[in-house]
Each structure stands twice: as structure tokens, then as C-alpha cells.
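Remember, it's a predicted structure, so these values are computed and weren't measured experimentally.
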Amino acid sequence: MEFMSNVSSGLDVSKPSLFELISETQLRDLLEPSVRYVLAIITQRHPRYLIHIFNNFDEAYALLMLLIERHYIRRWGGSFTENFYGIKRERVIAKELPRASKAAPDLLASSTKLRRLDVWKSLFIIVGVPYLKRKLDDAYEIHAGGAAANLFGAGYRGGGEPEENASPREKIIFQLKRLLRKIYPAINAAYYFSTLAFNLAYLFDKSQYHTPFHWLVRVRMRRLTEADHRAFEAASRTLPRPGSTPLTPSSLLSATALTRLVLPPILDSLKILLPTSIFFLKFLEWWHASDFARQLSAKTAASIELPPPAIVPPPSKDEQEDEDYYLRNRSRNSRELERQGRKLVPLPEDSKVCPICLEELTNPAALQTGYVFCYPCIFRWVQDGQENPAKGCCPITGVKLLGGTEGLRRIMV
């Protein structure tokens with residue numbers, strides 16, 4: 001394994017191994033489902049503000065990654081995950097790069113630095129290609145099988161051809177869907193086979209590109225060197241720092257202050273946030289998978305001394321008055337319900353019996369008053385009360401119920 005990890009490096013120590021590049025790609029692929037999962041949890045708590053973002057997650061994530069990756073490529077010479085692995089991007093300008101690097105390293109570094117067009121090409125590979133592939137995968141899964149009526153809508157016949165009175169737009173959409181179903185599997189297979197071929201060529205030092213897209217844009221991957229870090233530190237000193245210039249309310253709201261003073265520190269902090277979050281997730285995985293947490297909780301529970309049960313004193317005068325008030329209130333509610341054609345239900349002596357059907361509780365549910373009934377019985381009782389507001393009350397106490405059937409709480413026994 002040690003030999004295979006060094007095959008792609010050869011004598012060029014600045015060339016990253018294929019396993020480093022594959023690890024970087026896998027880490028980048030894990031970001032999208034992780035962000036989607038976190039957003040889904042937060043959206044459940046605040047759906048009013050985040051439901052539109054979650055419904056258009058692919059577009060929102062692509063815009064967010066475009067902002068982050070553009071900052072990292074322009075400042076650090078590589079994407080967010082590439083910078084995490086200490087990898088940068090270089091333009092390929094000649095075949096004799098190792099010989100030129102020894103003669104004039106500074107000239108070579110300036111010549112291989114990414115230009116503005118190279119930055120946008122790299123952004124298309126990092127952000128655009130994954131976005132288009134996700135959209136094509138989703139479209140193929142939707143339109144690749146099933147009945148034609150379900151796939152193409154009611155405007156199409158079951159034979160797979162559009163109706164004669166279909167609009168030109170519907171006919172174009174039909175042909176595009178048919179074309180997608182026929183050619184996308186071949187395109188997808190060609191994409192994976194070409195990537196595999198470039199990976200093998202890169203592994204055995206037959207190519208300096210590990211994917212066909214990098215070959216198309218003539219951009220290769222290199223390791224960050226000590227000279228690169230010194231150049232990054234020198235460039236960071238020339239950047240404007242907060243407090244170096246007087247700030248006014250108008251300057252704080254300007255686009256220049258936002259892009260040059262606020263966003264760079266936030267985006268650079270992601271380098272610390274990523275390894276911290278990975279460590280935290282791995283710690284949680286270990287904590288829930290090991291027996292240490294269960295043993296610790298068991299020892300903690302065993303060390304807690306339970307107090308003796310409290311002796312309940314006899315009811316005081318105030319409590320007796322409260323009970324008398326409850327009985328008077330129940331009697332008053334009973335008389336009001338009798339005038340409305342509905343009577344209160346007596347409370348059975350056995351707590352395991354439903355007060356309505358007088359049978360053993362099945363699928364118990366509790367009311368806001370605390371009394372428990374069979375769910376079908378109390379559901380019908382409260383549902384009748386929704387149709388007639390005068391009857392929407394507790395069968396035992398006659399207290400008005402709020403929320404209708406939504407106020408029922410199922411009890412897990």
C-alpha cells in the first residue's frame with residue numbers, strides 16, 4: 001500500500017498522490033448531503049423562513065459554494081476541500097516544468113498561477129458539473145420508467161407519442177425527455193469510464209491530469225509548498241484589515257466593505273470549522289457506538305440516592321374548599337349540558353376502564369383536563385363537539401376543550 005501511494009508521485013514531490021485527490025473529492029461530495037440534512041432539521045423548526053430555500057436547495061447550495069470556492073481559488077489557489085488537504089491548482093504551460101522550476105522558480109510560479117478565465121473554468125468543474133449531474137440524475141429517475149401518462153402528463157397518449165393538438169412547447173419537452181432516456185445512460189457510463197481511465201493514467205504517472213475535465217481546461221493539481229505559504233502570508237498583510245481605515249455608516253453598508261472586510265474572515269474561518277466539525281461528528285459516533293457512555297450513565301444513576309417517599313398529609317381546609325368548588329363547578333356544567341341535550345359521564349372506579357364505553361382502555365388518549373379515554377371514543381366525542389360548539393367539552397368535568405381533535409394526546413403504555 002505504501003508503494004501504491006507513492007506511484008503517482010514518482011520523483012516529483014509536489015505532485016499529490018491519487019489517494020489524496022480521491023479523498024479530497026469524497027470530502028467535497030459529503031458536504032452537500034450534510035448541509036442538506038442540517039437544513040432539513042432547521043427547516044422543521046422554522047419552516048416559515050427556510051421552506052423556500054429547502055425546496056430550491058440545489059440552486060441555493062450551488063450559489064453558496066460558488067461564493068466560497070471563488071474566494072478560496074482566488075486567495076489560496078485551490079478549492080475549499082483542496083486547501084484542507086494542502087493542494088493547489090496550476091496552469092499547464094509547458095512539458096518541461098520540472099527543469100524550468102529549478103532554473104527560475106519565481107518565474108514559473110507566476111506563469112502557472114491561475115488567470116481569471118482559469119478561475120471560472122475551475123469553478124465550473126467544482127460547482128457547475130456536480131450541479132448539472134444532480135439535475136440530470138433526478139430528471140432521469142423521474143422520466144426513465146413508469147407509464148407514459150404519469151411521465152409526460154395528461155396531454156400525451158399511452159402509446160408514447162404526443163397528441164395531435166399538443167402545443168409546440170409540449171412536443172419539444174416530449175422529445176427532450178425521450179432523448180434523455182436514450183442517451184443519458186451512455187453519457188453517464190462514458191463519464192465514469194473516462195474518469196477511471198484518467199485516474200489509472202495519473203496513478204502510474206502517464207498523465208498529469210486525474211480527470212478528463214482538468215485535461216479539458218489544462219489545470220493540474222499540485223501540493224502547497226513553503227514558498228506558497230510565504231506568498232499567502234505576504235498577500236494577507238497587504239489586505240485591508242478592520243480598523244485600518246475609518247469606518248462610517250455609509251462605508252459599512254457599501255459592497256466594497258462587505259466583500260473586502262467582512263466576507264474574507266468569515267470564509268477563511270471555514271478552514272477551522274471543517275476539521276472541528278469532523279472531530280465533533282467522529283466523537284459523537286464513538287460515544288454512541290461504544291459502551292463507555294452506557295457504563296458512565298449506569299454508574300451515575302447508581303450513585304444517586306433516591307429520597308424516601310413523601311408522606312402525604314391530610315387535605316387542608318383550602319384544599320377541601322377547592323374540592324368543593326370542583327364539585328359545584330362540575331354540577332353546574334352538568335346542568336348546563338343537560339339543558340343542551342348532553343350529560344356528563346361518571347368517572348368509573350377502575351382506572352383501567354374507559355369512562356365512555358365502560359370497557360378496558362385500548363389505544364388510550366388523554367384530554368387537556370388529564371382524564372384518559374379510548375382514542376376512538378374520545379375522538380368521536382370531540383368530533384361531535386366540533387360540529388356543535390356547545391358540546392365540545394370534557395366528558396368528565398364539562399370544561400371547554402381547545403383545539404378540537406388536535407388537542408388529543410396519545411399515551412404510550
Side-chain angles (χ1 to χ4, degrees), residues 7-29 31-32 62 65-102 104-133 190-229 231-232 235 267 270-271:
V7 167
S8 61
S9 300
L11 300 177
D12 191 359
V13 295
S14 62
K15 181 180 179 181
S17 66
L18 177 64
F19 303 100
E20 294 177 85
L21 300 177
I22 292 177
S23 300
E24 180 271 326
T25 304
Q26 291 178 347
L27 178 60
R28 184 195 308 162
D29 295 338
L31 291 179
E32 186 267 337
M65 293 308 297
L66 182 64
L67 175 66
I68 296 175
E69 301 293 11
R70 181 175 179 269
H71 167 77
Y72 273 86
I73 291 179
R74 292 182 61 184
R75 186 167 182 178
W76 305 101
S79 67
F80 171 56
T81 52
E82 291 167 358
N83 182 261
F84 177 74
Y85 277 93
I87 300 174
K88 66 176 181 178
R89 292 171 174 259
E90 281 186 356
R91 295 170 60 238
V92 177
I93 57 175
K95 295 184 178 180
E96 299 296 331
L97 285 177
R99 186 180 302 174
S101 62
K102 296 180 181 179
D106 296 335
L107 178 62
L108 178 64
S110 61
S111 301
T112 56
K113 186 178 180 180
L114 297 180
R115 303 294 188 263
R116 185 173 183 179
L117 182 59
D118 300 318
V119 170
W120 286 107
K121 289 179 180 178
S122 298
L123 288 175
F124 175 75
I125 296 175
I126 298 172
V127 181
V129 172
Y131 170 76
L132 293 176
K133 191 175 186 308
Y191 165 76
Y192 284 110
F193 278 115
S194 61
T195 303
L196 177 61
F198 272 87
N199 286 341
L200 292 176
Y202 184 89
L203 177 64
F204 294 101
D205 208 12
K206 302 298 182 181
S207 173
Q208 52 187 341
Y209 310 102
H210 69 289
T211 66
F213 294 105
H214 291 83
W215 171 73
L216 290 174
V217 300
R218 293 295 189 270
V219 172
R220 66 176 185 175
M221 315 300 292
R222 310 296 283 177
R223 287 196 181 101
L224 290 174
T225 61
E226 184 179 355
D228 295 321
H229 290 287
F232 294 150
L267 298 178
L270 295 177
K271 294 192 299 182

Side-chain contact test, heavy atoms from C-beta onward, threshold under 4.5 Å: evaluate it for [X] versus [Y] and give yes or no.
X	Y	result
Phe124	Val217	no
Thr81	Leu31	yes
Leu200	Leu18	no
Lys88	Leu114	no
Met65	Tyr131	no
Glu24	Ser79	yes

Rounded to the nearest 0.5 Å, how far does [atom2] of [Y] lie from [atom1] of [X]?
X	Y	atom1	atom2	value
Leu224	Tyr85	CG	OH	14.5 Å
Ser14	Ile87	OG	CD1	11.5 Å
Gln208	Arg222	CD	CZ	8.0 Å
Leu203	Leu196	CG	CG	10.5 Å
Leu21	Gln26	CG	CD	11.5 Å
Lys121	Ile73	NZ	CD1	13.5 Å

Side-chain ion pair, Arg89 and Asp118, N-O less than 4.0 Å |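 Salt bridge flag = no for Asp118 with Arg89.
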Check for a donor-acceptor pair, side chain of Arg91 on one end and backbone N or O of Val219 on the other, with a separation under 3.5 Å.
->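 Such a contact is absent between Arg91 side chain and Val219 backbone.
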Any sub-3.5 Å donor-acceptor pair from Arg223's side-chain atoms to Val13's backbone N or O?
->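 The answer is yes, because a donor-acceptor pair under 3.5 Å joins these two groups.
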Fit a plane to each ring of Tyr202 and His210, take the angle between them on a 0 to 90° scale, and name the class: parallel (under 30°), tilted (30 to 60°) or perpendicular (over 60°).
->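 The rings of Tyr202 and His210 stand perpendicular, inter-plane angle above 60°.
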State, to 0.1 Å, how close Trp76 and Asn83 come at their nearest heavy-atom pair, and which atoms those are.
->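 In this case the closest contact between Trp76 and Asn83 is CB-ND2, 3.4 Å.
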Atom CZ of Arg115 with >12 non-hydrogen neighbours under 6.0 angstrom =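 Enclosed: over 12 neighbouring heavy atoms sit under 6.0 Å from CZ of Arg115.
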For Arg74, look at atom CZ and say whether over 12 heavy atoms of other residues, nucleotides or ligands are found less than 6.0 Å away.
->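 No, CZ of Arg74 has 12 or fewer neighbouring heavy atoms, counting only those of other groups under 6.0 Å.
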Phe80-Tyr72 aromatic ring centre distance below 6.0 Å |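 Yes; Tyr72 has its ring centre under 6.0 Å from that of Phe80.
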